Amino acid sequence: MKPGTLSTALKSGAIWGFIILELIFFSVAGEFLSLSDKAFMDWDNMLLLLKQSAPIGIIAMGMTIVMVNGNIDLSVGATFAIAAIVLLDSMTWPIFAGLGDWVIPVAWLLALVVGTLLGALNGLIVWKTGVDAFIVTLGAMLGYRGIVFMFNGEQPTSHLNWTLVDFAEAELLGLATASWFLLAATLVIWFVMAKTVHGRNAYAIGDNREAAVNAGIRVGPHMMINFAIIGFLAALSAVVFYSESGSVNPNDGQLYELWVITAVVLGGTKITGGAGNVIGTFGGVIAIQLLRKGLGHIGADTSTVNLVIGLILVAVLVLDRQLNMKGKEELKV
Amino acid sequence: MTDAKPVLRLENIVKTFPGVRALDGVSFSVMPGEVHALMGENGAGKSTLMKVLGGIHQPDGGTIFMGDDAVVMAGPLEAKAKGIVFIHQELSLAEELSVAENIYLGELPTKSLGRVDWTRLSDQTNAILQKLNVGFDANTRVGDLSIANQQMVEIARALTVDAKAVIFDEPTASLTDSEKVVLFDVIADLQATNVGIIYISHRMEEIFKITDRITVLRDGQYQGTVETADSTEESVTQMMIGRTLDLSRNASHHALGDVALEVRGLSCGKHYRDVSFEVRRGEVVGFYGLVGAGRTEIAETLFGLRDPSAGQILLDGEVVRINSPADAIARGISLVPEDRKGQGLVLGMNCRDNMTLPQIDRLKAGPFVAQGAEMEIFDKYHKQLDIRTPGWKQRVGNLSGGNQQKIVIGKWLSMHPKVLIVDEPTRGIDVGSKSEIHKLLRELAAQGYAVMVISSEMPEVLHVSDRIVAMYSGRVMRTFSSEDVTEDNLIQAISGMTSEQVA
Amino acid sequence: ETMKIGITQNNVGVDSYQTTYESAFIAAAGENSDVDAVVLDAGGDVARQIAQIEDLIQQEVDAIIIWPTNGEAVIPAVRKAHQAGIPVVVTNSNIAEAGFDFVKSFSGPDNITQGARSAEIMCDKFKDMGIEGEAQVVHITGQPGYTTAIERAKGFEDRMPEVCPDVSIVDTQPGDWNREKSQQVMEAFLVKYDDIDGVYSGDDNMGVGALNAAKAAGREGIIFVGATNFAVGYEAMAAGDYWGSIYQSPVDDAEAALKTATDILEGKELPFLNYFDTPKITQDNMGDYTKPVF
Amino acid sequence: MADITRQQIGSLLAKQGILIAFVAFLIGFTIANPKFLTPDNVLSVIRSSAILGVMALGVTFVVISGNLDLSVGSMMSFSTIVVLDLHDKIGPALAIPAMFAMTLALGALIGFLVGYLKLNSLIVTLGMLSAIHGLTLTYSGGKNMDIVDKEGTWFSVFGQGTALGLPIPILMFIGVAALLGLILSRTSFGRKVYAVGGNGTAATFSGIPRARTVFMCYLISAACVATAGLIQASRSLGSQNTVGQGLELEVLAAVILGGASLLGGSGTIFKTVIGVLILGFIQNGLLLIGLQFYVQFIVTWVIIILAVWLDIAAKRGKLWSPIA
Ligand SMILES: Nc1ncnc2c1ncn2[C@@H]1O[C@H](COP(=O)(O)OP(=O)(O)OP(=O)(O)O)[C@@H](O)[C@H]1O
Ligand SMILES: Nc1ncnc2c1ncn2[C@@H]1O[C@H](COP(=O)(O)OP(=O)(O)OP(=O)(O)O)[C@@H](O)[C@H]1O
Ligand SMILES: [Mg+2]
Ligand SMILES: [Mg+2]
């Protein structure tokens with residue numbers, strides 16, 4: 001058992017409490033406001049929730065490790081779009097013409113490699129220049145988006161491959177393909193962060209970088225690996241999603257970084273690094289998707305949705321604060 | 001010992017920082033099985049020399065030898081690989097991680113798939129912790145430990161690897177006596193296995209107790225190396241500061257004034273209970289106890305940083321509620337906090353601005369800060385406390401540990417408080433300055449200040465206090481006057497024995 | 001028996017056209033007692049739109065109206081609706097041909113024609129002024145990547161050489177449907193080109209931004225042509241600063257979409273493409289049109 | 001001798017790395033297009049940077065105090081829409097203070113949440129970004145907001161007027177920058193902002209009211225946003241609901257480009273101004289060169305990283321980072 005599991009579980013408790021609140025609220029409100037005869041907490045609807053959480057959720061797992069590491073990645077949305085373009089475009093490249101449906105795994109691989117490289121490039125810049133990750137990836141958010149537009153101008157890149165669509169829409173044991181990938185990503189990153197030396201070092205670096213350096217941890221390469229991981233996961237998210245939808249707009253993935261970061265922070269990861277876990281992030285992702293879904297369910301209009309989502313984010317923080325309130329005798333700092 | 005080869009030899013090391021020549025051709029060597037003291041005033045370059053050795057700084061000139069080979073310590077990793085263990089002056093721990101993970105930071109034991117071998121990790125750690133005789137276990141979160149215990153975690157690192165040389169940079173600065181005993185045992189054990197030990201401290205009694213040789217630095221320059229057995233406190237002090245010190249206590253010849261601060265039945269949750277004492281104008285009251293005795297929490301309560309759960313605080317005979325440090329400051333209370341880096345200083349700010357921070361609202365010239373008045377304050381304490389800095393513009397983070405502490409003291413002295421509370425005021429301060437600070441505390445009392453000194457150093461408490469409050473586990477055990485206190489009855493009081501039990 | 005109709009819009013908050021569309025749709029659905037509507041907004045995000053289509057299928061609505069964020073990416077989701085037996089109507093901008101099999105009908109403006117008409121408006125004006133032989137035009141497009149932006153730009157740039165072969169389009173930059181951004185772009189154009197005769201912008205918001213820049217720089221005589229005649233554009237036309245635009249009402253757009261959906265549910269036969277007309281509007285004929293409400 | 005000059009150059013670089021990078025860009029663009037450095041163009045760039053710039057000045061306070069403000073873009077849309085709406089309803093003389101009051105109320109709310117309740121500023125302001133957008137849409141019904149009588153109002157002076165031969169937006173930018181620069185560098189409040197951002201605990205131990213200081217920073221930020229909204233509204237006398245959308249990241253980029261650390265405790269108003277101008281001139285310069293917009297994205301990426309890199313490399317005296 002990793003030390004401190006219980007205390008972190010308690011601290012990330014706010015998000016689970018909030019998820020339950022959401023479920024209750026939307027179920028009750030849905031009875032009055034929804035046109036659907038189906039209950040909000042319908043089993044199929046919950047399975048759908050899991051699937052719909054995948055695009056942001058898979059990236060959020062990578063963001064957890066990067067943020068625990070004390071960094072941040074604002075370029076994931078653009079990486080997501082680039083990976084999607086590579087996936088869809090490469091399937092039409094003449095060199096792969098003889099492959100038949102075998103082009104699919106090749107295209108997947110290519111997209112994943114590109115995503116990993118883009119992530120690693122951010123990591124390399126952070127490592128070698130010492131520029132803060134926020135700035136490096138803020139720049140990359142623009143630069144990578146520029147690359148997206150370079151591919152195909154303003155046109156969407158499309159390649160609808162029905163074999164691929166059928167695979168992506170398939171269900172195994174009642175779970176959609178995307179859900180499986182989300183669960184797998186969660187599990188793997190959980191394993192890495194809770195069980196492996198690499199993961200524990202990520203916490204150490206995020207917590208006290210100088211101490212980590214003094215202890216002889218190779219901080220630079222370590223951070224680069226984590227950026228490569230988030231690049232890979234952004235590409236994986238794209239691969240899973242665009243296998244099903246078959247076309248990418250050059251604007252796709254915009255604002256994903258903000259949603260992903262929101263999910264991660266709601267899940268209890270410290271912005272300054274050193275603390276956080278994947279299970280909490282999973283909760284954060286579900287909470288956000290539930291909110292979107294629920295507001296749709298009860299038919300809120302756009303301005304209400306914006307207003308409510310914003311206020312809810314703040315409310316969760318307040319709830320979290322109440323749960324973690326220090327005793328009256330504790331230091332007031 | 002003379003025929004053996006040194007484990008480590010540094011020759012003509014030079015290191016400059018912008019505006020500071022921190023090391024100017026320093027040579028130094030350590031023999032296997034030797035405890036070698038490195039001494040010098042605050043800012044003399046001790047930590048810098050060790051950081052060069054530990055691969056944290058690259059020297060501008062000079063050579064490091066291990067055995068007969070010249071080596072380059074390109075980074076902490078290399079130094080570690082070559083068998084050099086560095087216990088840092090400033091705590092270097094990841095607070096969110098467990099004790100075990102911190103001790104083995106950078107070299108966690110692994111199983112297949114890169115997994116951490118938790119069982120092995122905690123077994124190894126607990127074995128070490130047992131040797132250190134500490135009251136926490138491998139899975140405790142480091143952030144939950146007291147500073148002293150965090151220091152013990154730092155020390156535990158020395159025992160994890162096959163070290164050739166271990167550097168202790170002021171390991172006892174935040175330890176109490178019982179933990180020091182454990183540390184000295186550890187050092188003796190290492191010594192027995194022929195490890196070379198470099199020991200930095202400002203505490204003479206320790207130096208003479210455990211070290212074999214002493215090397216002295218002054219202003220980045222090598223002053224010489226002497227056999228401990230052949231030297232005296234006076235001779236070493238002379239080497240360090242170029243003069244001898246008058247360590248006699250200047251007894252309080254002044255009359256005591258009214259009660260400035262009184263505490264009646266004060267309690268604060270689990271931290272301390274039913275504490276009562278009073279401090280008069282012109283009086284220095286020492287607070288002595290073991291780590292966790294609750295002295296710091298009392299100070300924090302008086303400074304408005306904690307709400308008491310019961311009891312009263314009286315200033316000049318009047319019951320007051322102190323809700324915030326601003327309140328406390330307005331009522332004439334100053335607190336020199338325990339943790340200078342975390343609580344005392346804004347490391348990224350310059351020396352002057354740190355020093356004037358608490359009174360920044362008072363130094364007004366029209367709508368602006370009166371920079372002239374600020375400079376005056378800085379200059380005054382710069383001189384009085386002999387702070388070594390290239391100038392007021394220097395980032396406080398770039399000062400040596402002891403000089404940082406002096407900035408904090410200057411910051412609160414300049415407030416001219418009615419009640420001055422100092423929590424471990426001379427932690428990391430060199431002998432010269434320490435006696436200056438002690439003198440200063442006595443003088444302040446003579447001027448009518450009420451002074452509370454919290455310290456874990458018995459000589460310090462005995463030296464400066466008019467009365468001593470002995471605490472154990474959140475309770476006041478006994479209050480001594482300077483006449484009836486002895487080392488023995490003080491130790492009894494703070495280990496929880498009442499006088500009846502002793503008798 | 002009420003008809004449950006779900007709509008997922010592209011990105012409502014982004015401009016007043018889409019917001020007006022949303023409220024017009026809600027109003028129209030409210031007036032029709034046979035209709036219950038769920039109105040969703042994808043916020044410009046394809047993934048969210050697909051999730052919304054899935055939700056609508058899950059809620060078993062009777063018909064789905066979709067304003068695609070991406071004309072191709074939504075096809076598989078539309079296929080799912082089709083397979084679930086729910087008729088789908090596409091509104092405002094069409095989906096790609098591969099999806100036509102799963103869609104009952106399209107209702108909306110013809111953006112390519114709009115672009116072409118803007119080119120004609122501008123060309124005609126140049127001919128009136130007698131500068132069709134040498135006029136230089138700059139082009140400010142909508143947010144990169146949006147179908148509407150792409151189609152209008154294409155219509156304009158294809159048509160201009162056909163009607164006015166000697167007019168040159170000297171520069172094209174996006175103004176992101178944003179008046180301020182467009183103003184900045186225009187400021188740079190004005191510095192860069194000493195001679196600008198015409199400005200075509202992908203909608204009137206951007207057009208007015210460009211107009212403001214020209215006014216501030218004191219450059220006169222530039223012919224401004226836009227699209228989607230917003231109230232600001234209409235007023236600028238009335239003031240004689242702005243030459244022409246394309247009259248397109250989001251209210252018509254929304255009502256047409258709802259009408260198409262209800263017609264389908266009532267079993268009426270409809271043509272596949274239901275373009276509603278978006279006529280040219282210039283200073284000359286603006287009296288025939290009421291001022292847009294948005 | 002050579003050693004000394006090299007050191008001097010080194011320390012000059014270290015102190016003014018960003019400024020030097022800025023001058024280098026100016027020279028580069030001027031070579032690419034001689035029209036770049038004409039007074040007309042320079043004025044027009046500064047004028048259109050003024051809106052972003054005024055917001056960045058306020059955000060500088062927030063960032064130095066160790067927090068973030070991502071809500072400034074959507075708050076600016078709000079102020080713009082409100083002041084335009086009220087202009088026709090109660091007249092400009094009342095509309096302006098009313099708009100300032102409403103914007104400051106939003107700033108106070110955020111300041112309360114972040115300062116007094118100590119909530120995470122990234123999430124709070126992200127939440128407020130969305131909530132304020134919703135508020136604006138509700139307020140305006142999603143419609144564009146336009147002043148009816150555009151010719152007859154004195155309101156246009158803030159965005160379109162000139163005084164002393166300079167456009168008013170530029171004068172307002174300079175004025176706000178000078179005022180806030182003085183506050184930050186010369187007053188006790190400014191010192192507190194640095195202390196709170198540098199080490200909040202130590203600031204508390206020094207009797208500095210941390211919560212109130214953070215609260216005030218958000219109020220200042222809101223006041224700047226309101227000023228920016230005023231210039232914006234007055235410049236085009238009409239606006240979309242999304243006029244400020246996305247500006248939050250540009251503002252942050254400008255502040256950071258100026259050398260403020262996201263960890264808090266460092267940064268100056270002067271450097272933020274430079275950061276703002278760099279962004280403005282890059283955008284304009286690339287437009288003048290006539291690159292495709294996506295090439296502009298890529299070039300901006302490279303320039304942002306290069307500028308910040310050179311700045312910190314000069315400070316630490318080494319090009320490559322010491323991270324192992
Ligand atoms: N990173 C740095 N940048 C600039 N100056 C530094 C830096 N580190 C140390 N110095 C300066 O070098 C000198 C030597 O400092 P050092 O920390 O070695 O002193 P020390 O002997 O360990 O003192 P103490 O007993 O107070 O710990 C001091 O004047 C200090 O201000
Ligand atoms: N037995 C213990 N094990 C671990 N932590 C403890 C223990 N007792 C107390 N602590 C914690 O250690 C911290 C230090 O205690 P405290 O500051 O009260 O001691 P003190 O008397 O001020 O000693 P000093 O100032 O000499 O460190 C407190 O935060 C307290 O919660
Ligand atoms: Mg030292
Ligand atoms: Mg203590």
Side-chain angles (χ1 to χ4, degrees), chain B residues 17-19 55-58 74-78 300 303-305 324-330 333-350 352-371 374 395-397 408 411-412 415 423, chain D residues 3-4 6-8 10-15 64-66 116 179-213 259-268 314-318 320-324:
Chain B
F17 295 110
I56 292 165
H57 289 325
Q58 294 309 307
L77 200 60
E78 273 86 347
E300 285 164 352
F303 202 57
L305 284 158
S324 67
D327 258 9
I329 291 170
I333 302 175
S334 281
L335 170 66
V336 173
E338 183 173 33
D339 172 8
R340 64 167 166 263
K341 252 182 155 180
Q343 305 169 334
L345 296 166
V346 183
L347 291 179
M349 246 188 191
N350 67 40
R352 184 198 70 189
D353 293 0
N354 263 290
M355 207 181 260
T356 55
L357 200 54
Q359 51 184 319
I360 193 69
D361 275 328
R362 299 184 194 166
L363 304 173
K364 283 252 163 89
F368 300 133
V369 174
Q371 304 217 354
E374 279 194 286
R395 281 180 72 241
V396 159
V408 185
K411 162 172 156 181
W412 289 109
M415 297 296 293
D423 195 351
Chain D
D3 196 44
I4 292 169
R6 241 181 65 195
Q7 259 197 6
Q8 280 170 344
S11 82
L12 181 71
L13 267 176
K15 282 213 191 76
I64 294 177
S65 79
Y116 288 93
L179 177 68
L180 293 185
L182 279 178
I183 290 181
L184 191 58
S185 65
R186 291 267 178 274
T187 68
S188 61
F189 173 73
R191 193 71 65 74
K192 291 178 191 170
V193 175
Y194 282 107
V196 163
N199 182 348
T201 307
T204 306
F205 269 79
S206 303
I208 290 176
R210 185 180 180 177
R212 195 198 311 160
T213 308
S261 157
L262 282 177
L263 300 175
S266 73
T268 67
K315 267 183 205 135
R316 68 174 168 236
K318 264 197 304 200
W320 300 106
S321 121
I323 305 177

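Quick note: numbers below take in every heavy atom, side chains included, and nothing from hydrogens, waters or symmetry partners. Just so it is clear, the model here is predicted, and its values are computed rather than measured.
Closest heavy-atom contact between B:L345 and D:N199: O-ND2, 2.9 Å. The heavy-atom pair separating D:G207 from B:A326 by the smallest distance is O-CB, 3.6 Å. Contact record, B:L305 with D:T204: CD2-CG2, 4.0 Å, taken as the closest heavy-atom pair.
Distance OG/D:S266 to CE/B:M349: 11.0 Å, rounded to 0.5 Å. With rounding to the nearest 0.5 angstrom, the CZ atom of B:R340 is 15.0 Å from the CZ atom of D:F205.
In this structure the side chain of D:Y194 never reaches within 4.5 angstrom of the side chain of B:V346, judged on heavy atoms.
A search for salt bridge (Lys or Arg N to Asp or Glu O under 4.0 Å) contacts involving B:D339 returns nothing, not counting sequence neighbours.
The side-chain hydrogen bond (donor to acceptor under 3.5 Å, both in side chains) pairs that include a residue from residues 356-368 of chain B are B:T356-B:E374, B:Q359-B:S414, B:D361-D:S188, B:D361-D:K192, where partners are two or more places apart or lie in different chains.
Contact count against chain D (heavy-atom pairs under 4.5 Å) is highest for B:P358 among B:P358, B:G348, B:A74.
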